[in-house]
Amino acid sequence: MEFLSYLISGISLGSVYAIIALGYTMVYGIAKMLNFAHGDVIMVGGYISFCGMMYLGLNGWVALLLAMAVCTVLGIIVEGLAYRPLRQATSLAVLITAIGVSYLLQNTALLVWGATPKVYQSLIPLTDASGAPNALRLMGGRLSISYMSLLTMAACIIIMVGLTLFTSRSKMGKAMRACSEDKDAARLMGINVNTTISVTFAIGSALAAVAGVLLCSFNPTLMPTTGSMPGIRAFTAAVFGGIGSIPGAFLGGLLIGVIEAMAKAYISTQLANSVVFAVLIVVLLVRPAGLLGKYVPEKV
Amino acid sequence: MAELLNVNDINVYYGAIHAIKGVSFHVDEGEIVTLIGANGAGKSTTLHTVSGLLHSKTGSISFEGKNIAGVPAHKLVEHGLAHVPEGRRIFLQMTVEENLEMGAFTQPNANTPASLERVYEQFPRLKERQRQIAGTLSGGEQQMLAMGRALMSKPKLLMLDEPSMGLAPILVEQIFDIIRQLHQAGTTILLVEQNAQMALSVADRAYVLETGKITLSGTGDELIHSDEVRKAYLGG
(Lines give C-alpha, C1' and ligand atoms only; values in the text may rest on other atoms or scores of the structure.)
Protein backbone atom coordinates (compact mmCIF):
# COMPACT_ATOMS: atom_id res chain seq x y z
CA MET A 1 0.00 0.00 0.00
CA GLU A 2 2.90 2.31 0.81
CA PHE A 3 4.36 1.52 -2.56
CA LEU A 4 1.12 2.52 -4.26
CA SER A 5 0.95 5.84 -2.50
CA TYR A 6 4.60 6.58 -3.38
CA LEU A 7 3.81 5.65 -6.95
CA ILE A 8 0.86 8.03 -7.03
CA SER A 9 2.83 10.88 -5.54
CA GLY A 10 5.56 10.14 -8.10
CA ILE A 11 3.07 10.23 -10.93
CA SER A 12 1.54 13.49 -9.82
CA LEU A 13 4.97 15.08 -9.41
CA GLY A 14 5.91 13.58 -12.76
CA SER A 15 2.81 15.11 -14.33
CA VAL A 16 4.09 18.56 -13.41
CA TYR A 17 7.52 17.71 -14.85
CA ALA A 18 5.84 16.44 -17.99
CA ILE A 19 3.94 19.70 -18.46
CA ILE A 20 7.18 21.67 -18.09
CA ALA A 21 9.09 19.22 -20.29
CA LEU A 22 6.53 19.71 -23.07
CA GLY A 23 7.54 23.37 -23.22
CA TYR A 24 11.25 22.48 -23.41
CA THR A 25 10.73 19.84 -26.02
CA MET A 26 8.46 21.88 -28.30
CA VAL A 27 10.82 24.85 -28.28
CA TYR A 28 13.80 22.58 -28.86
CA GLY A 29 12.01 20.74 -31.65
CA ILE A 30 11.28 23.93 -33.56
CA ALA A 31 13.87 26.52 -32.62
CA LYS A 32 16.60 23.89 -31.97
CA MET A 33 17.54 25.72 -28.81
CA LEU A 34 17.51 24.87 -25.12
CA ASN A 35 15.48 27.57 -23.44
CA PHE A 36 17.04 27.47 -20.00
CA ALA A 37 14.83 30.37 -18.96
CA HIS A 38 11.81 28.07 -19.24
CA GLY A 39 12.05 27.08 -15.56
CA ASP A 40 11.90 30.71 -14.52
CA VAL A 41 8.72 31.27 -16.50
CA ILE A 42 7.21 28.71 -14.08
CA MET A 43 8.24 30.93 -11.20
CA VAL A 44 6.76 34.01 -12.89
CA GLY A 45 3.52 32.06 -13.39
CA GLY A 46 3.55 31.21 -9.70
CA TYR A 47 4.04 34.84 -8.63
CA ILE A 48 1.45 36.22 -11.05
CA SER A 49 -1.20 33.80 -9.82
CA PHE A 50 -0.15 34.50 -6.23
CA CYS A 51 -0.57 38.25 -6.78
CA GLY A 52 -3.87 37.67 -8.56
CA MET A 53 -5.20 35.84 -5.53
CA MET A 54 -3.62 38.00 -2.83
CA TYR A 55 -3.91 41.51 -4.20
CA LEU A 56 -6.68 41.33 -6.77
CA GLY A 57 -8.76 38.89 -4.74
CA LEU A 58 -9.19 36.60 -7.72
CA ASN A 59 -10.40 33.07 -7.49
CA GLY A 60 -7.56 30.52 -7.91
CA TRP A 61 -8.80 29.45 -11.33
CA VAL A 62 -9.08 33.00 -12.64
CA ALA A 63 -5.60 33.68 -11.24
CA LEU A 64 -4.38 30.66 -13.19
CA LEU A 65 -5.81 32.11 -16.41
CA LEU A 66 -4.20 35.46 -15.63
CA ALA A 67 -0.84 33.74 -15.06
CA MET A 68 -1.18 31.88 -18.36
CA ALA A 69 -1.94 35.10 -20.22
CA VAL A 70 0.99 36.97 -18.65
CA CYS A 71 3.41 34.10 -19.27
CA THR A 72 2.26 33.75 -22.88
CA VAL A 73 3.08 37.42 -23.47
CA LEU A 74 6.35 37.03 -21.55
CA GLY A 75 7.33 34.04 -23.72
CA ILE A 76 6.63 35.93 -26.93
CA ILE A 77 8.58 38.99 -25.71
CA VAL A 78 11.57 36.94 -24.56
CA GLU A 79 11.66 35.09 -27.87
CA GLY A 80 11.34 38.26 -29.92
CA LEU A 81 13.88 40.34 -27.99
CA ALA A 82 16.46 37.80 -26.86
CA TYR A 83 16.37 34.83 -29.21
CA ARG A 84 15.10 36.08 -32.59
CA PRO A 85 18.13 38.33 -33.24
CA LEU A 86 20.31 35.25 -32.70
CA ARG A 87 18.57 33.04 -35.25
CA GLN A 88 21.72 32.75 -37.36
CA ALA A 89 24.11 32.72 -34.38
CA THR A 90 25.93 29.67 -33.03
CA SER A 91 24.01 27.51 -30.61
CA LEU A 92 26.47 28.39 -27.85
CA ALA A 93 25.56 32.08 -28.11
CA VAL A 94 21.88 31.21 -27.88
CA LEU A 95 22.48 28.94 -24.89
CA ILE A 96 24.38 31.67 -23.02
CA THR A 97 21.61 34.15 -23.82
CA ALA A 98 19.03 31.73 -22.44
CA ILE A 99 21.01 31.43 -19.21
CA GLY A 100 21.19 35.23 -19.14
CA VAL A 101 17.41 35.50 -19.54
CA SER A 102 17.04 33.00 -16.71
CA TYR A 103 19.09 35.18 -14.35
CA LEU A 104 17.29 38.29 -15.56
CA LEU A 105 13.90 36.79 -14.70
CA GLN A 106 15.09 35.51 -11.31
CA ASN A 107 16.63 38.81 -10.33
CA THR A 108 13.70 40.84 -11.58
CA ALA A 109 11.48 38.64 -9.42
CA LEU A 110 13.83 39.24 -6.49
CA LEU A 111 13.54 42.97 -7.05
CA VAL A 112 9.76 42.97 -7.40
CA TRP A 113 8.72 40.35 -4.86
CA GLY A 114 11.73 40.20 -2.54
CA ALA A 115 13.64 37.24 -1.19
CA THR A 116 11.16 36.28 1.54
CA PRO A 117 9.26 33.19 0.43
CA LYS A 118 5.57 33.75 -0.20
CA VAL A 119 3.13 31.22 1.14
CA TYR A 120 1.12 30.02 -1.79
CA GLN A 121 -2.48 29.03 -1.42
CA SER A 122 -3.16 25.70 -3.08
CA LEU A 123 -5.60 25.62 -5.99
CA ILE A 124 -7.47 22.88 -4.14
CA PRO A 125 -6.74 23.01 -0.41
CA LEU A 126 -4.61 20.01 0.57
CA THR A 127 -6.44 19.69 3.89
CA ASP A 128 -10.04 20.45 4.73
CA ALA A 129 -11.36 22.68 7.52
CA SER A 130 -10.78 20.03 10.18
CA GLY A 131 -7.19 19.48 9.08
CA ALA A 132 -7.81 16.08 7.55
CA PRO A 133 -6.26 15.47 4.12
CA ASN A 134 -8.54 16.61 1.32
CA ALA A 135 -8.27 13.38 -0.58
CA LEU A 136 -10.07 10.58 -2.31
CA ARG A 137 -9.92 7.49 -0.10
CA LEU A 138 -9.72 4.12 -1.73
CA MET A 139 -9.55 0.54 -0.46
CA GLY A 140 -11.27 1.28 2.79
CA GLY A 141 -9.23 4.40 3.48
CA ARG A 142 -5.86 2.69 3.27
CA LEU A 143 -4.94 4.52 0.09
CA SER A 144 -5.62 8.22 -0.25
CA ILE A 145 -5.07 10.37 -3.32
CA SER A 146 -5.30 14.10 -2.79
CA TYR A 147 -7.70 15.94 -5.08
CA MET A 148 -4.77 18.17 -6.03
CA SER A 149 -2.91 15.08 -7.31
CA LEU A 150 -5.93 13.99 -9.30
CA LEU A 151 -6.26 17.46 -10.78
CA THR A 152 -2.57 17.49 -11.72
CA MET A 153 -2.74 14.13 -13.44
CA ALA A 154 -5.91 15.13 -15.26
CA ALA A 155 -4.33 18.43 -16.36
CA CYS A 156 -1.29 16.58 -17.68
CA ILE A 157 -3.38 14.13 -19.67
CA ILE A 158 -5.63 16.85 -21.09
CA ILE A 159 -2.61 18.95 -22.11
CA MET A 160 -0.88 15.95 -23.64
CA VAL A 161 -3.95 14.91 -25.66
CA GLY A 162 -4.62 18.51 -26.65
CA LEU A 163 -1.07 19.07 -27.91
CA THR A 164 -1.04 15.77 -29.78
CA LEU A 165 -4.27 16.69 -31.55
CA PHE A 166 -3.00 20.20 -32.21
CA THR A 167 0.25 19.05 -33.83
CA SER A 168 -1.34 16.22 -35.79
CA ARG A 169 -4.58 17.87 -36.95
CA SER A 170 -4.35 21.64 -37.07
CA LYS A 171 -2.70 23.58 -39.86
CA MET A 172 -0.56 25.57 -37.43
CA GLY A 173 0.46 22.39 -35.59
CA LYS A 174 1.52 20.72 -38.82
CA ALA A 175 3.39 23.86 -39.82
CA MET A 176 5.28 23.59 -36.52
CA ARG A 177 6.35 20.05 -37.38
CA ALA A 178 7.36 21.21 -40.85
CA CYS A 179 9.48 24.01 -39.34
CA SER A 180 11.09 21.62 -36.91
CA GLU A 181 12.23 19.44 -39.81
CA ASP A 182 13.38 21.96 -42.36
CA LYS A 183 12.95 25.71 -41.96
CA ASP A 184 13.89 26.71 -45.49
CA ALA A 185 11.56 24.12 -46.99
CA ALA A 186 8.83 25.42 -44.66
CA ARG A 187 9.45 28.96 -45.92
CA LEU A 188 9.06 27.72 -49.48
CA MET A 189 5.61 26.43 -48.47
CA GLY A 190 4.65 29.94 -47.41
CA ILE A 191 5.01 29.25 -43.69
CA ASN A 192 6.21 32.24 -41.66
CA VAL A 193 8.89 30.57 -39.54
CA ASN A 194 9.20 33.47 -37.07
CA THR A 195 5.48 33.45 -36.34
CA THR A 196 5.56 29.69 -35.89
CA ILE A 197 8.42 29.95 -33.39
CA SER A 198 6.54 32.69 -31.50
CA VAL A 199 3.45 30.50 -31.27
CA THR A 200 5.60 27.68 -29.92
CA PHE A 201 7.04 29.91 -27.22
CA ALA A 202 3.55 31.17 -26.40
CA ILE A 203 2.24 27.63 -25.91
CA GLY A 204 5.29 26.52 -23.93
CA SER A 205 5.08 29.54 -21.64
CA ALA A 206 1.35 29.15 -21.03
CA LEU A 207 2.07 25.54 -20.03
CA ALA A 208 4.86 26.75 -17.75
CA ALA A 209 2.30 28.98 -15.99
CA VAL A 210 0.03 25.96 -15.46
CA ALA A 211 3.02 24.03 -14.12
CA GLY A 212 3.88 26.93 -11.83
CA VAL A 213 0.42 26.97 -10.27
CA LEU A 214 0.38 23.18 -9.87
CA LEU A 215 3.88 23.11 -8.41
CA CYS A 216 3.18 25.86 -5.88
CA SER A 217 -0.08 24.16 -4.95
CA PHE A 218 1.91 21.14 -3.78
CA ASN A 219 4.88 22.98 -2.41
CA PRO A 220 3.58 26.29 -1.12
CA THR A 221 6.84 28.21 -0.73
CA LEU A 222 7.28 30.60 -3.63
CA MET A 223 10.71 32.17 -4.14
CA PRO A 224 12.54 33.67 -7.14
CA THR A 225 14.45 30.38 -7.49
CA THR A 226 11.34 28.21 -7.25
CA GLY A 227 11.41 27.38 -10.95
CA SER A 228 15.04 26.48 -11.46
CA MET A 229 15.26 22.99 -9.96
CA PRO A 230 11.93 21.74 -11.40
CA GLY A 231 13.05 23.33 -14.67
CA ILE A 232 16.27 21.32 -14.68
CA ARG A 233 14.46 18.10 -13.75
CA ALA A 234 11.92 18.70 -16.49
CA PHE A 235 14.74 19.34 -18.94
CA THR A 236 16.18 16.02 -17.84
CA ALA A 237 12.77 14.48 -18.42
CA ALA A 238 12.63 15.90 -21.94
CA VAL A 239 16.07 14.49 -22.76
CA PHE A 240 15.18 11.21 -21.08
CA GLY A 241 12.08 10.81 -23.23
CA GLY A 242 13.81 12.02 -26.39
CA ILE A 243 14.04 15.78 -26.81
CA GLY A 244 11.80 17.09 -29.56
CA SER A 245 9.24 14.34 -29.00
CA ILE A 246 5.92 15.26 -27.35
CA PRO A 247 5.05 11.74 -26.12
CA GLY A 248 8.69 11.50 -25.04
CA ALA A 249 8.32 14.53 -22.76
CA PHE A 250 5.20 12.98 -21.25
CA LEU A 251 6.85 9.61 -20.63
CA GLY A 252 10.12 11.19 -19.46
CA GLY A 253 8.28 13.49 -17.05
CA LEU A 254 6.31 10.67 -15.46
CA LEU A 255 9.38 8.44 -15.17
CA ILE A 256 11.52 11.14 -13.60
CA GLY A 257 8.72 11.89 -11.11
CA VAL A 258 8.30 8.23 -10.20
CA ILE A 259 12.06 7.60 -9.96
CA GLU A 260 12.44 10.65 -7.74
CA ALA A 261 9.57 9.59 -5.45
CA MET A 262 10.86 6.02 -5.21
CA ALA A 263 14.43 7.13 -4.58
CA LYS A 264 13.23 9.40 -1.78
CA ALA A 265 11.13 6.64 -0.28
CA TYR A 266 13.45 3.68 -0.53
CA ILE A 267 16.99 4.99 -0.97
CA SER A 268 17.59 8.39 0.55
CA THR A 269 16.06 11.83 0.30
CA GLN A 270 19.49 13.39 -0.13
CA LEU A 271 20.43 11.00 -2.89
CA ALA A 272 17.19 11.39 -4.87
CA ASN A 273 18.67 13.79 -7.39
CA SER A 274 21.75 11.65 -7.86
CA VAL A 275 19.57 8.65 -8.58
CA VAL A 276 17.50 10.60 -11.10
CA PHE A 277 20.56 11.80 -12.98
CA ALA A 278 22.29 8.40 -12.78
CA VAL A 279 19.27 6.82 -14.47
CA LEU A 280 19.42 9.54 -17.12
CA ILE A 281 23.09 8.77 -17.80
CA VAL A 282 22.39 5.06 -18.16
CA VAL A 283 19.47 5.67 -20.53
CA LEU A 284 21.52 8.02 -22.69
CA LEU A 285 24.36 5.49 -22.87
CA VAL A 286 21.97 2.86 -24.14
CA ARG A 287 19.67 5.07 -26.20
CA PRO A 288 21.45 8.31 -27.06
CA ALA A 289 18.30 9.78 -28.67
CA GLY A 290 16.27 9.18 -25.48
CA LEU A 291 13.47 6.68 -24.96
CA LEU A 292 11.19 7.87 -27.78
CA GLY A 293 13.63 10.00 -29.75
CA LYS A 294 13.82 8.73 -33.28
CA TYR A 295 16.26 8.91 -36.09
CA VAL A 296 14.89 8.94 -39.64
CA PRO A 297 17.47 8.27 -42.31
CA GLU A 298 17.45 10.66 -45.23
CA LYS A 299 17.33 9.30 -48.76
CA VAL A 300 19.20 11.10 -51.49
CA MET B 1 3.32 35.64 -74.51
CA ALA B 2 3.44 37.91 -71.52
CA GLU B 3 6.57 38.03 -69.44
CA LEU B 4 6.09 36.25 -66.09
CA LEU B 5 9.49 36.51 -64.45
CA ASN B 6 12.20 39.02 -65.17
CA VAL B 7 15.54 38.80 -63.43
CA ASN B 8 17.74 41.76 -64.15
CA ASP B 9 21.39 42.08 -63.17
CA ILE B 10 21.40 40.28 -59.83
CA ASN B 11 24.57 39.93 -57.75
CA VAL B 12 24.58 37.50 -54.85
CA TYR B 13 27.31 36.98 -52.30
CA TYR B 14 28.04 34.28 -49.73
CA GLY B 15 30.11 36.37 -47.36
CA ALA B 16 33.10 37.42 -49.47
CA ILE B 17 32.34 34.99 -52.28
CA HIS B 18 30.70 36.58 -55.29
CA ALA B 19 28.46 33.70 -56.37
CA ILE B 20 26.19 35.37 -58.95
CA LYS B 21 27.69 38.07 -61.11
CA GLY B 22 25.17 40.21 -62.94
CA VAL B 23 22.78 37.49 -64.07
CA SER B 24 19.75 38.49 -66.15
CA PHE B 25 17.12 36.28 -67.72
CA HIS B 26 13.39 36.11 -68.20
CA VAL B 27 10.63 33.52 -68.35
CA ASP B 28 7.48 34.06 -70.41
CA GLU B 29 4.10 32.63 -69.54
CA GLY B 30 3.70 29.03 -70.65
CA GLU B 31 7.39 28.44 -71.31
CA ILE B 32 9.85 25.92 -69.97
CA VAL B 33 13.12 27.74 -69.46
CA THR B 34 16.18 25.90 -68.24
CA LEU B 35 19.36 27.05 -66.58
CA ILE B 36 22.12 24.55 -67.21
CA GLY B 37 25.68 24.53 -66.00
CA ALA B 38 28.23 22.60 -64.01
CA ASN B 39 28.26 22.02 -60.30
CA GLY B 40 28.87 25.30 -58.51
CA ALA B 41 27.99 27.51 -61.48
CA GLY B 42 25.34 29.29 -59.40
CA LYS B 43 22.16 27.64 -60.65
CA SER B 44 20.68 26.87 -57.25
CA THR B 45 21.80 30.20 -55.87
CA THR B 46 19.90 31.90 -58.68
CA LEU B 47 16.71 29.99 -57.80
CA HIS B 48 17.16 30.71 -54.10
CA THR B 49 17.42 34.39 -54.92
CA VAL B 50 14.26 34.35 -57.02
CA SER B 51 12.33 32.57 -54.28
CA GLY B 52 13.54 34.96 -51.59
CA LEU B 53 15.71 32.64 -49.50
CA LEU B 54 18.71 34.72 -50.59
CA HIS B 55 18.76 38.35 -51.61
CA SER B 56 20.57 40.20 -54.35
CA LYS B 57 22.57 43.33 -53.62
CA THR B 58 21.72 44.89 -56.96
CA GLY B 59 19.30 44.72 -59.83
CA SER B 60 15.68 43.72 -59.77
CA ILE B 61 13.49 40.65 -59.86
CA SER B 62 9.96 41.17 -61.07
CA PHE B 63 7.16 38.67 -61.14
CA GLU B 64 4.05 39.60 -63.15
CA GLY B 65 5.46 43.11 -63.31
CA LYS B 66 5.75 43.48 -59.51
CA ASN B 67 9.17 43.90 -57.96
CA ILE B 68 9.73 40.96 -55.62
CA ALA B 69 13.40 41.52 -54.74
CA GLY B 70 13.71 41.60 -50.95
CA VAL B 71 10.29 40.03 -50.32
CA PRO B 72 10.76 37.19 -47.79
CA ALA B 73 10.35 33.67 -49.17
CA HIS B 74 7.19 32.82 -47.25
CA LYS B 75 5.31 35.73 -48.82
CA LEU B 76 6.19 34.78 -52.40
CA VAL B 77 4.14 31.59 -52.38
CA GLU B 78 0.95 33.63 -52.29
CA HIS B 79 2.15 35.50 -55.37
CA GLY B 80 2.18 32.22 -57.29
CA LEU B 81 5.80 31.17 -57.06
CA ALA B 82 6.65 27.58 -56.09
CA HIS B 83 10.15 26.26 -55.65
CA VAL B 84 11.03 22.56 -55.52
CA PRO B 85 14.44 22.73 -53.88
CA GLU B 86 17.48 20.65 -54.70
CA GLY B 87 17.52 17.39 -52.77
CA ARG B 88 13.67 17.51 -52.65
CA ARG B 89 13.59 18.69 -49.01
CA ILE B 90 10.30 16.96 -48.28
CA PHE B 91 9.25 16.67 -44.63
CA LEU B 92 10.56 13.17 -43.99
CA GLN B 93 8.77 12.58 -40.70
CA MET B 94 5.37 13.67 -41.97
CA THR B 95 3.02 11.59 -44.05
CA VAL B 96 2.70 12.00 -47.81
CA GLU B 97 -0.65 13.71 -47.41
CA GLU B 98 0.62 16.04 -44.68
CA ASN B 99 3.48 17.05 -46.96
CA LEU B 100 0.97 17.91 -49.65
CA GLU B 101 -1.15 19.85 -47.15
CA MET B 102 1.90 21.92 -46.27
CA GLY B 103 2.18 22.77 -49.94
CA ALA B 104 -1.31 24.28 -49.68
CA PHE B 105 -0.43 26.23 -46.53
CA THR B 106 -1.25 29.60 -48.09
CA GLN B 107 -4.48 28.37 -49.67
CA PRO B 108 -7.86 28.44 -47.93
CA ASN B 109 -8.54 25.11 -46.21
CA ALA B 110 -11.65 24.61 -48.29
CA ASN B 111 -9.56 24.26 -51.46
CA THR B 112 -7.30 21.54 -50.10
CA PRO B 113 -9.42 18.47 -50.99
CA ALA B 114 -9.72 19.56 -54.64
CA SER B 115 -6.00 20.31 -54.86
CA LEU B 116 -5.18 16.94 -53.32
CA GLU B 117 -7.43 15.27 -55.88
CA ARG B 118 -5.64 17.08 -58.70
CA VAL B 119 -2.17 16.14 -57.45
CA TYR B 120 -3.15 12.52 -56.85
CA GLU B 121 -4.45 12.37 -60.39
CA GLN B 122 -1.11 13.62 -61.64
CA PHE B 123 0.85 11.29 -59.32
CA PRO B 124 -1.22 8.13 -58.70
CA ARG B 125 1.74 6.65 -56.83
CA LEU B 126 1.37 9.30 -54.15
CA LYS B 127 -2.26 8.37 -53.64
CA GLU B 128 -1.23 4.77 -52.99
CA ARG B 129 1.23 6.02 -50.38
CA GLN B 130 -1.07 8.70 -48.90
CA ARG B 131 -0.68 7.66 -45.24
CA GLN B 132 2.93 6.56 -45.46
CA ILE B 133 5.71 8.51 -43.74
CA ALA B 134 7.52 10.42 -46.48
CA GLY B 135 10.95 9.27 -45.30
CA THR B 136 10.07 5.71 -46.34
CA LEU B 137 9.45 6.64 -50.00
CA SER B 138 11.94 5.79 -52.72
CA GLY B 139 14.00 8.58 -54.28
CA GLY B 140 11.73 8.85 -57.32
CA GLU B 141 8.61 8.94 -55.17
CA GLN B 142 10.17 11.62 -53.00
CA GLN B 143 10.79 13.72 -56.11
CA MET B 144 7.16 13.25 -57.15
CA LEU B 145 6.08 14.26 -53.66
CA ALA B 146 8.26 17.38 -53.77
CA MET B 147 6.73 18.35 -57.12
CA GLY B 148 3.20 17.50 -56.01
CA ARG B 149 3.70 19.53 -52.85
CA ALA B 150 4.76 22.56 -54.90
CA LEU B 151 1.75 22.16 -57.20
CA MET B 152 -0.61 22.29 -54.20
CA SER B 153 -0.19 26.07 -54.09
CA LYS B 154 -1.43 26.33 -57.71
CA PRO B 155 1.71 28.16 -58.79
CA LYS B 156 1.97 30.38 -61.84
CA LEU B 157 5.67 29.57 -61.98
CA LEU B 158 7.12 26.24 -60.90
CA MET B 159 10.85 26.26 -60.24
CA LEU B 160 12.51 22.86 -60.23
CA ASP B 161 16.03 22.45 -58.93
CA GLU B 162 17.79 19.31 -60.18
CA PRO B 163 14.71 17.08 -60.29
CA SER B 164 16.75 14.26 -61.82
CA MET B 165 19.46 14.28 -59.17
CA GLY B 166 20.30 10.83 -57.83
CA LEU B 167 17.60 9.04 -59.79
CA ALA B 168 17.96 5.95 -61.97
CA PRO B 169 17.71 6.69 -65.72
CA ILE B 170 14.21 5.23 -65.99
CA LEU B 171 13.01 7.49 -63.19
CA VAL B 172 14.69 10.48 -64.81
CA GLU B 173 12.63 9.72 -67.94
CA GLN B 174 9.51 9.51 -65.81
CA ILE B 175 10.18 12.82 -64.08
CA PHE B 176 10.78 14.54 -67.41
CA ASP B 177 7.56 13.04 -68.79
CA ILE B 178 5.78 14.64 -65.87
CA ILE B 179 7.51 17.96 -66.60
CA ARG B 180 6.27 17.75 -70.20
CA GLN B 181 2.74 16.97 -69.03
CA LEU B 182 2.75 19.89 -66.60
CA HIS B 183 3.97 22.13 -69.39
CA GLN B 184 1.23 20.93 -71.72
CA ALA B 185 -1.29 21.62 -68.99
CA GLY B 186 -0.10 25.22 -69.07
CA THR B 187 2.32 25.45 -66.14
CA THR B 188 5.27 27.77 -66.64
CA ILE B 189 8.48 26.08 -65.54
CA LEU B 190 11.96 27.28 -64.66
CA LEU B 191 14.17 24.21 -64.62
CA VAL B 192 17.68 23.99 -63.24
CA GLU B 193 19.59 20.90 -64.30
CA GLN B 194 23.02 19.36 -64.54
CA ASN B 195 21.57 16.81 -66.91
CA ALA B 196 21.82 19.20 -69.85
CA GLN B 197 20.71 16.66 -72.45
CA MET B 198 17.37 16.03 -70.76
CA ALA B 199 16.84 19.65 -69.80
CA LEU B 200 17.49 21.00 -73.30
CA SER B 201 15.23 18.37 -74.84
CA VAL B 202 12.19 19.71 -72.97
CA ALA B 203 13.09 23.40 -72.82
CA ASP B 204 11.72 26.17 -75.01
CA ARG B 205 14.67 28.33 -74.14
CA ALA B 206 17.85 27.81 -72.17
CA TYR B 207 20.63 29.75 -70.48
CA VAL B 208 24.10 28.41 -69.75
CA LEU B 209 25.52 29.51 -66.44
CA GLU B 210 29.27 29.39 -65.81
CA THR B 211 30.91 30.54 -62.55
CA GLY B 212 28.09 32.92 -61.78
CA LYS B 213 27.62 34.40 -65.24
CA ILE B 214 25.36 33.63 -68.17
CA THR B 215 27.63 32.73 -71.06
CA LEU B 216 25.16 31.48 -73.64
CA SER B 217 21.45 31.58 -74.30
CA GLY B 218 19.09 30.42 -77.00
CA THR B 219 16.28 28.03 -77.71
CA GLY B 220 16.62 24.48 -76.43
CA ASP B 221 17.22 23.29 -79.97
CA GLU B 222 19.90 25.85 -80.71
CA LEU B 223 21.85 24.99 -77.60
CA ILE B 224 21.57 21.25 -77.98
CA HIS B 225 23.30 21.66 -81.34
CA SER B 226 25.78 24.30 -80.24
CA ASP B 227 29.39 23.11 -80.30
CA GLU B 228 30.28 24.79 -77.05
CA VAL B 229 27.41 23.18 -75.16
CA ARG B 230 28.07 19.82 -76.69
CA LYS B 231 31.70 19.90 -75.69
CA ALA B 232 31.17 21.18 -72.19
CA TYR B 233 27.94 19.52 -71.11
CA LEU B 234 26.84 16.82 -73.49
CA GLY B 235 30.00 14.74 -73.67
CA GLY B 236 31.22 15.74 -77.15
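In what follows, chains carry the letters A, B, and so on, assigned in the order in which the sequence lines appear, proteins first and then strands, with residues in each chain numbered from 1.
Formation of a donor-acceptor pair under 3.5 Å by the K174(A) side chain with backbone atoms of M102(B) is not found in this model.
Residues of residues 34-41 of chain B lying under 4.5 angstrom from chain A, judged on non-hydrogen atoms, do not exist.
Rounded to the nearest 0.5 angstrom, H74(B) NE2 and T195(A) OG1 are separated by 6.5 Å. Rounded to the nearest 0.5 Å, atoms NZ (K171(A)) and CZ (F105(B)) are 6.0 Å apart. One finds the CG atom of D182(A) at 13.5 Å from the CZ atom of R88(B) (value rounded to the nearest 0.5 Å). Taken to the nearest 0.5 Å, the CZ atom of R169(A) stands 10.0 Å off from the CD atom of E98(B). Going from atom CG of L188(A) over to atom CG of L47(B) covers 10.0 Å, rounded to the nearest 0.5 Å.
With a threshold of 4.5 angstrom between heavy atoms, S168(A) approaches chain B through N, CA, C or O but not through any side-chain atom. Heavy-atom distances place the backbone of Q107(B), and not its side chain, under 4.5 Å from chain A. Proximity to chain A (any heavy atom under 4.5 Å) is restricted, for I90(B), to the backbone atoms N, CA, C and O. Contacts between A104(B) and chain A at a heavy-atom distance below 4.5 Å involve the backbone alone (N, CA, C, O).
Looking at E181(A) and R89(B), no side-chain N of the basic residue comes within less than 4.0 Å of a carboxylate O on the acidic one, giving no salt bridge.
The minimum heavy-atom distance linking A178(A) with F91(B) is given by the pair O-CE2, 3.4 Å.
Atom CD of E173(B) is surrounded by 12 or fewer heavy atoms from other residues, nucleotides or ligands within 6.0 Å. Around NZ of K21(B), the count of heavy atoms belonging to other residues, nucleotides or ligands within 6.0 Å exceeds 12. Remark: L285(A) CG is packed, more than 12 non-hydrogen atoms of other residues, nucleotides or ligands lying under 6.0 Å away.
Take V70(A) and apply the side-chain contact (heavy atoms from CB on, under 4.5 Å) test, not counting sequence neighbours, and it matches I48(A), L66(A).
Side chains of M189(A) and V77(B) form no contact here, defined as non-hydrogen atoms less than 4.5 Å apart.
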**OP:** Apply the test side-chain contact (heavy atoms from CB on, under 4.5 Å) to residues R177(A) and M94(B): give CA-CA distance (whole Å), side-chain angles for both, the deciding distance (0.1 Å), then the verdict.
**Re:** CA-CA 8 Å; R177(A) 285 160 59 208; M94(B) 300 173 80; 3.8 Å; yes
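Ranked by heavy-atom pairs shorter than 4.5 Å toward chain A, the options Q143(B), E78(B), E101(B) are led by E101(B). The residue among K75(B), M152(B), H48(B), H83(B) with the most heavy atom pairs within less than 4.5 Å of chain A is H83(B).
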